[in-house]
Amino acid sequence: MELQSRYADITAQGLGLAVITYDSVDTLEGFSNARGIEFPVLSDEGSVVIKEYDLLNREQAPGVRFYGIPYPGTFILDTEGRVTERFFEQAYQERFTVSSIMVALGEAADGTDRNATRLTTDHLEALAYPTDRTVAPGNRFSLVVDVAPKEGMHVYAPGGHTYQVISLRLDTPDFIRAHDVTYPASEIYHYEPLDERVEVFEQPFQLVQEVTIQMTREIAGLAAEPDATLTVEGVLTYQACDDAICYTPVELPVKWPLDWRPLVR
Amino acid sequence: MRQLLLTAALVLTLAVGVGAQDMPNVDQFGPQVGDVVPAFSLSDQTGQNRTLPSIMGPNGTMLVFSRSADW
């Protein structure tokens, strides 16, 4: 279970962890023993809490086996029990990976052990890596690019200007859905000769591109093949300038190699 | 004019609501960002009783609603 493998990272962020399902205590005990689960898994038999949280899956009719399951998702709560973030997927087969949630929560992502690709141009250094080395159908995870502009360089952040904003374009197969890229807060560059103030990145920053792999029978079959791999390709586009020159816009091919993980039922 | 716009917005909302019935938008379900979640008291896999305060870390907690562990 992915949560167990990331449990130490979650507690390192000062967060507790608990999972709620509609299973009996006996079922959860057997499951936890079989999988070596160390965090609390809570039994909500009758789905009382699931209903109280307004998360009852409405597509399951009363009487059928799966009646009572929640829409699966994750809440991050502060110590007062107030929701600070929520991660819910549209399709019940789809879910956020823990690593992707941790990056969204601002965990300092570390590309060194995650199939990272290093890119160097005249203007910047970049490290591209996925939040998860292995992915399964239904996973929502993130493709990350850590960008460090070279000394004196800046690239353009989204804002009220007409310069070319640094952006990521994915060239994905149909079964991968790309969500919006998340940009960090930008800095303001003051170009004194024109007294112009523009949103830029001068310090190292991180672009996060969330993607969801669709869950279909065909894709599940693809993931189950021995040594199956998947490479997501994209293009990082930017224009870099320093105090004297604005350089020609660059299109930099980026690859994120991944291994498939078959679905475990 | 404002009244007309509101009516138009309402009709649009209803139309979207009906169209989306087969595929509900999960974003609308459950506590939203800023809401305080309901208290609970549930047994964990060892039979120990757990509440929100008992699953808190120093900075809060990650509360995961999952499908069944049984399939």
Select one option (side chain, backbone, both, neither) describing which atoms of A:L17 are under 4.5 Å from chain B's heavy atoms. both
Interface moiety of A:T84 toward chain B, non-hydrogen atoms closer than 4.5 Å: backbone
Pick from A:I20, A:T11, A:T74 with the largest number of heavy-atom pairs that fall under 4.5 Å of chain B: A:I20
With a 4.5 angstrom heavy-atom cut-off, which part of A:E52 approaches chain B: side chain, backbone, both or neither? both
Start with the C-alpha gap between A:N57 and A:Y67, add the side-chain angles, then the distance that decides, and say whether side-chain hydrogen bond (donor to acceptor under 3.5 Å, both in side chains) holds. CA-CA 8 Å; A:N57 185 315; A:Y67 178 72; over 6 Å; no
Chain A interface, residue from B:P53, B:P38, B:G57, B:G34 that has the most non-hydrogen pairs under 4.5 Å: B:P38
Closest approach of A:L222 to A:A228 (non-hydrogen atoms, all atoms of both residues): O-CB, 3.5 Å
Aromatic ring centroids of A:F88 and A:F75 under 6.0 Å? yes
Winner by heavy-atom pair count (cut-off under 4.5 Å) against chain A, out of B:Q28, B:R50, B:Q48: B:R50
Among the listed options B:D44, B:N49, B:L52, B:L63, the residue most often paired with chain A at heavy-atom distances under 4.5 Å: B:L63
So which of A:L42, A:T21, A:I10, A:L28 has the biggest tally of heavy-atom pairs under 4.5 Å with chain B? A:L42
Hey, what do you get for CD1 (A:I101) to CG (A:D9), rounding to the nearest 0.5 Å? 13.0 Å
Greater than 12 external heavy atoms within 6.0 Å of A:E218's CD: no
List the atom of A:Y71, the atom of B:F65, and the distance in Å for their closest heavy-atom pair. O-CB, 4.2 Å
